[in-house]
Amino acid sequence: MPATVFNRIRGLVCLIPPGFVATYGTIARALGYKNSRLVGFAIRGNQDTSIPCHRVVFKDGSLAANYSFGGSEAQRHRLEFEGITFTPEGRVKLSAHLFVFNNPFFS
DNA sequence: CCGTTGACCAGGC
DNA sequence: GGCCTGGCCAACG
C-alpha cells in the first residue's frame, strides 16, 4: 500500500469521531494542501465503506451532491443518527460539530 | 510527459 | 442567500 496522498486523506477522515464533522478544506490544509478537491477526489475514488465519509461536509455545512452511499439524504440521516443537528435550511451546524485536527502528526 | 478530471473554495456580482 | 469564475494539484491514461 503506497503512502499516496489519497491514503493519507482517508486515514485522516477515519480520525473524525462520531458526532463531529470536518470540512474538505480543513482536511486538505491539515495535510498541507491548498486544493480541497483532492479530499473529495480521494474518497469518491475509493468508495470504501470503512471510511466515515458522511462526516465530511462543505465549508458552509451543506452536503456533497453526489454522495455515493444513497445520496445526500442517506448522508444526512446518518449524521442525525450520530447526534449532529441541522439548520432549517438543511445544513450542518458547523459551529456545534466542527472537528479540529489537534493531532501531533500534523502540527 | 501531457492533458483531463474532479464529493472544493474564495471572491466578485 | 445564489450563480459564475479562476485557481488549486494528485492521480490516471
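Within every chain, numbering begins at 1; the chains are lettered A, B, ... in the order of the sequence lines, protein sequences first and strands thereafter. Please read these numbers as outputs of a predicted model, since none were measured by experiment.
Atom NZ of A:Lys34 and atom P of B:dG6 are 24 Å apart (whole Å). When rounded to the nearest whole Å, the span between CD1 of A:Ile27 and C1' of B:dG6 equals 16 Å. Atom CZ in A:Phe6 sits about 12 Å away from atom P in B:dG6, given to the nearest Å. Distance A:Leu94 CG to B:dC9 C1': 14 Å, rounded to the nearest Å. Note: CD (A:Gln75) to C1' (B:dA7) measures 8 Å, nearest angstrom. Across the protein-nucleic acid pair, A:Arg44 atom CZ and B:dG6 atom C1' stand 6 Å apart, rounded to whole Å. At whole-Å resolution of the value, CG in A:Asn66 and C1' in B:dA7 are 7 Å apart.
Proximity of A:Leu94 to A:Val57: side-chain heavy atoms (C-beta onward) are separated by under 4.5 Å at one or more points. Residues A:Phe101 and A:Ile27 form a side-chain contact, since some pair of their non-hydrogen atoms from C-beta on lies under 4.5 Å apart.
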Kindly determine whether A:Arg8 and A:Tyr33 satisfy side-chain hydrogen bond (donor to acceptor under 3.5 Å, both in side chains), including the steps that lead there.
CA-CA 12 Å; A:Arg8 293 172 58 187; A:Tyr33 292 96; 4.7 Å; no
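Here the CD1-OH distance, from A:Ile9 to A:Tyr24, works out to 11.5 Å after rounding to the nearest 0.5 Å. In this structure, A:Ile16 CD1 and A:Leu98 CG are separated by 9.5 Å, a value rounded to the nearest 0.5 Å. Atoms CZ and CZ, from A:Phe86 and A:Arg91 in turn, are 11.5 Å apart once rounded to the nearest 0.5 Å. Atom OG1 of A:Thr26 sits about 7.0 Å away from atom NZ of A:Lys59, to the nearest 0.5 Å. The distance from atom CZ of A:Arg10 to atom CG of A:Leu12, rounded to the nearest 0.5 Å, is 12.5 Å.
If you find the closest nucleotide of DNA chain B to A:Gly40 and to A:Lys59, the one lying nearer the 5' end belongs to A:Gly40.
Read 5' to 3', the first and last nucleotides of DNA chain C with an atom closer than 4.0 Å to a heavy atom of chain A are C:dG1 to C:dA11.
Taking a cutoff of 4.0 Å between a charged side-chain nitrogen and a carboxylate oxygen, A:Arg78 and A:Glu82 do not qualify as a salt bridge.
Here B:dA7 is the nucleotide among B:dA10, B:dA7, B:dG6 with the atom lying nearest to any side-chain atom of A:Phe58. Closest contact between the side chain of A:Cys53 and the listed nucleotides B:dA10, B:dA7, B:dG6 involves B:dA7.
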Given Watson-Crick and G-U pairs under 3.5 Å, DNA chain C in dot-bracket ([ ] crossing, | other strand) is .||||||.|||||
